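Read the structure below first, then the notes.
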Amino acid sequence: MDKAYDPKATEAEIYKLWEQGGYFVPKIDKTKEPFTILLPPPNANADLHLGHAMYVVEDILIRYHRMKGDPTLWLPGADHAGFETQYVYEKALAKEGKSRFDFDRKTLYKNIWDFVHQNRGTMENQLRRLGFSLDWSRNIFTLDPKVVAIVYQTFKKLYDDKLIYRGMRLVNYCTKCGTGFSDLEVKYEERKDPLYYMKYGPFTIATTRPETKFRDTALAVNPKDKRYKKWIGKTLDIQGLLGPITMTVIADPEVDMEFGTGIMKVTPAHDHHDFELGQKYNLPVTPIITFKGRMDFSWFLAKKDIPEKYRARAELYHGKKIAEVRPLMVEHLKEDGLLVKIDENYTHRIGLCYKSGTVIEPLPMQQWFVKVKPLADAVKKAIKEKKITFVPKRFEKLANQWLTNFHDWNISRQIVWGIRIPVWYSVEENPKLKIEFRYEDVTVGGEIQELLQHNPQSAGDYRTFKGNTNRAHDENYHVKNFTLEEIQNGIQSVQAPPESTFVISADAPGNNYLQETDTFDTWFSSGQWPFATLEASPFKGDYEYFYPTSVMETGYDILPWWVCRMAMLGLYRTSRVPFKTVYLHGLVRDAKGQKMSKSKGNVINPLKMADMYGADALRFSLIFGTAAGNDQSLSEDKIRGMRNFANKLWNIGRFIQMNFDAAKAQNITVPFYNEAFHKTLTNPNDKRIITEFNMMKSKVGKYMGNYRLSDAAQTIYDFAWHRIADVHLEKNKERFKAGDPQALAVLRHLYMNILKLLHPFMPFVTEALYQKIEGWDGTPLIISSWP
RNA sequence: GGAUCUGUAGCUCAGCUGGUUAGAGCGUACGAUUCACAUUCGUAAGGUCAGAGGUCCGAGUCCUCUCAGAUCCACCA
């Protein structure tokens, strides 16, 4: 044996041995209860970071149960990570000077597919590098056809149960990313913005967004507010920048009398709160901002007999960005004497796109929603009945809080990379269907139904396609023969008005159908992971045997996004909880307790650490001295310290081997330790260390059962290093050297069992050492039995 | 506004349902070592467990309040 342990020389070999030996594949035994964990699927296209390395918790539990003889499954997978991935891909496109709008839908999807699959193997090899004993024969991807089919079934069932509805709602829209988001994905930031006080008929109102006031539909006051009582219910003509607007004064108790002037304008199309008021009082939703984040005054310019002054203004505003138009409007307000004052020190919180940092624009849109409350209530009940328990316990409270506060879940995303919503609109039945269509770098809006109705059966005869009239007059516009397939692929978006009818189906119900262009929020599919993976498994009976899973282990930061949704959808689809225990780990921070980020340059790359100090050292340092659910600081020093421990184990092994070799040379036979042998023990040192070991062992067993992995790790660490190496070895050195069979037998027994106890934590070095032990029976440590 | 977490040795953190002299890793000081390991060994210094009050025979551990830090959610123009 070498003087020092060299992880590089052993780890890859050992992983191969395990994988090829088929030890990661569960040994199904119907008489035993299985132990199952699903790996939270990492993004298929991304490298692993330290957060992923925390999956070591799962590997420890898996290896522990495997050694205990439970049929054990740890199922790996990859997530398509819809928006995240498309975002990364678009950034790569931007570097080439391109954007997603340069491709039709099908090509874009295929390009992203290729992009993801080029990178996917990297992530999987990194999981291997860390020693994770995943059953690769069951590896699965969120876009595998079987998974998609299951997601579709869920959607259909939800719809049939009236838990999914389509509705015009204000969505959190990022005009830069071109998609809407769920509430969870909006980040807030404190900003100082001017608060404009402006004359509004007989009132003064305060607003930070003067640009939306052109489409105000009402004024609202608090019914208790004496100042405005006489106006309630009255209809007024209010002088604005583009002439008078007619609106009614409504009373609603939600209006804060203290804020600003106590009177608020209601803009249902661009404010969540106003939208709700609008719904309550039946106000029209009239947008003035487009999905590109530009001002839209076409509604005004289409009017007849507009005074020239106002027409000029509207033309000036039209098509401009909000930031450009706001100062112009302020100028015009001053000009007209409508501006009362500006409060420059007003701070408020505004919503930002969590990805691009763009201001989120609430815009009205037809979207698909999941009615969350019935689903969430079922989960709350299951938690109350202890069908799901949390480690640590406090997360139960948090989960309940989440489940209580969830709004209806917007599952529509205006992106291509994902599972397309299986909704089909009949072109014939929905004459108002609007499509955006792109070909040959020309985006055409138009009435495709005319085209499709002409000859829906035969492809290749769509010359009658007119496109929109503006384009038709454009001499650069080319009419081309489109096939039906080309039309389907070239569709940028289908906008179906509220009254549209539709069919839910995985495939086109007929030729005259166009599919919804939105895709599902990634979490809608990953929320079905537990049953979807097991149902889609290539091995028959997996779902029946392994579902529900035993432990769901993940970072606490995705408790609401993922864990709660899995619980909701799992319970809904299978009537059983998808997992019995939820173990949540904390964030890994840098040595100073700061969040790791690329910009701070304090990121520790787990793969680099594994290369430098060994995967075992990295694994151990992530467990050692940390508590479930708490953030932890990780320094390279700590990893180095754990590397030293691996080396200590190595050298105990080396010491043992040298002494066994010496004994062999003298023809001394060392017996194996067993109960009968134990009775023949005479030396008090041997007896005592065995007793101590047995106590330590039962302590470790108890800790493992309670998910107290850090305590288990520390207990073994302490015993191996400070009890065995520092004391027992030193005190009995002469006996070992003399080849005392009893002493050596006891030592070998202790050592073998320490390696076993330690194996879940440090699988590589323990396996390597175990196989070197004199008299090894040929069973790899990974499948040997837990002491 | 609501909620959660954290505050224990110089640093980073353990400490389960309250019970003997409060622990680890790293760091520090001094010393040892060709004998498994310098990725080593020994010895030592270092904490009024944020503060105050309370419950208890007994509290770092439970309760209340205060202070400090972090995080999450909601969000009023």
Side-chain angles (χ1 to χ4, degrees), chain A residues 1-6 183-184 186 188 195-197 205-210 212-213 216 219-220 222 254-267 270-274 277 346 348-351 392-395 397-398 400-402 404-407 556-557 559-560 586-587 589-595 613-614 617 620-621 623-627 629-659 702-703 706-708 710-711 713-715 717-718 721-722 725-727 729-730 733-734 736-737:
Chain A
M1 280 172 82
D2 293 334
K3 240 181 137 175
Y5 171 55
D6 179 12
D183 293 339
L184 285 179
V186 181
Y188 289 87
L195 181 65
Y196 303 99
Y197 284 79
I205 58 150
T207 181
T208 52
R209 306 203 56 186
T212 61
K213 65 182 283 296
D216 291 354
L219 285 161
N222 191 298
E254 276 188 48
V255 179
D256 184 353
M257 290 160 60
E258 306 295 319
F259 186 89
T261 56
I263 184 159
M264 69 179 259
K265 64 196 191 65
V266 186
T267 321
H270 296 296
D271 183 280
H272 290 286
H273 190 246
D274 291 9
L277 271 182
Y346 178 67
H348 61 157
R349 291 168 70 77
I350 56 166
K393 269 204 202 103
R394 63 183 149 91
F395 285 105
K397 232 189 245 177
L398 274 175
N400 268 312
Q401 197 181 315
W402 275 110
T404 309
N405 293 335
F406 274 133
H407 295 164
Y556 67 77
D557 50 329
L559 173 65
L587 262 55
R589 296 166 179 278
D590 77 357
K592 289 173 194 153
Q594 288 190 309
K595 210 169 173 171
Y613 303 108
F620 213 65
S621 60
I623 296 301
F624 199 88
T626 61
N630 282 2
D631 292 353
Q632 61 165 310
S633 297
L634 183 70
S635 63
E636 202 171 326
D637 276 345
K638 187 174 179 186
I639 302 171
R640 199 178 294 125
M642 297 305 146
R643 187 268 319 260
N644 295 355
F645 177 56
N647 190 57
K648 177 57 81 174
L649 288 174
W650 180 267
N651 275 290
I652 298 171
R654 186 162 178 249
F655 176 80
I656 294 173
Q657 198 187 52
M658 288 169 86
N659 285 296
K702 219 174 86 193
Y703 286 142
N706 292 333
Y707 299 97
R708 303 181 62 82
S710 171
D711 289 320
Q714 293 206 40
T715 304
Y717 174 98
D718 194 60
W721 196 324
H722 302 304
D726 290 351
V727 179
L729 242 49
E730 294 299 331
K733 207 164 240 180
E734 293 312 315
F736 297 131
K737 286 191 188 297

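Bear in mind the structure is a predicted one, so any value in this text is a computation, not a measurement. First the proteins, then the strands, lettered A, B, ... as listed; each starts at 1.
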No-H, no-angle donor-acceptor pair, [X] side chain to [N] base, under 3.5 Å:
X: A:R643; N: B:rU39; value: yes
X: A:R654; N: B:rC37; value: no
X: A:K648; N: B:rC37; value: yes

Is the phosphate of [N], meaning OP1 or OP2, less than 4.0 Å from a side-chain N or O of [X]?
X: A:W721; N: B:rU40; value: no
X: A:K397; N: B:rU4; value: yes
X: A:H722; N: B:rG25; value: yes
X: A:K737; N: B:rA36; value: yes
X: A:Y196; N: B:rA77; value: no

Query - Nearest-angstrom distance from the residue atom CG of A:N630 to P of B:rA70 - result: 17 Å
Query raised in the report: To the nearest angstrom, how far is A:I623 atom CD1 from B:rC13 atom P?
Result: 16 Å
Query raised in the report: A:W650 vs A:Y5 aromatic rings, parallel, tilted or perpendicular, using cut-offs 30° and 60°?
Result: tilted
Give [X] one of three labels, base, sugar-phosphate or nothing, depending on what nucleic acid heavy atoms sit under 4.0 Å from its own.
X: A:W402; answer: sugar-phosphate
X: A:Y188; answer: base
X: A:E730; answer: base
X: A:R209; answer: nothing
X: A:S633; answer: sugar-phosphate
X: A:D637; answer: sugar-phosphate
X: A:R708; answer: sugar-phosphate

Query - Paired nucleotide for B:rC30 [Watson-Crick or G-U wobble; both distances under 3.5 Å] - result: B:rG42
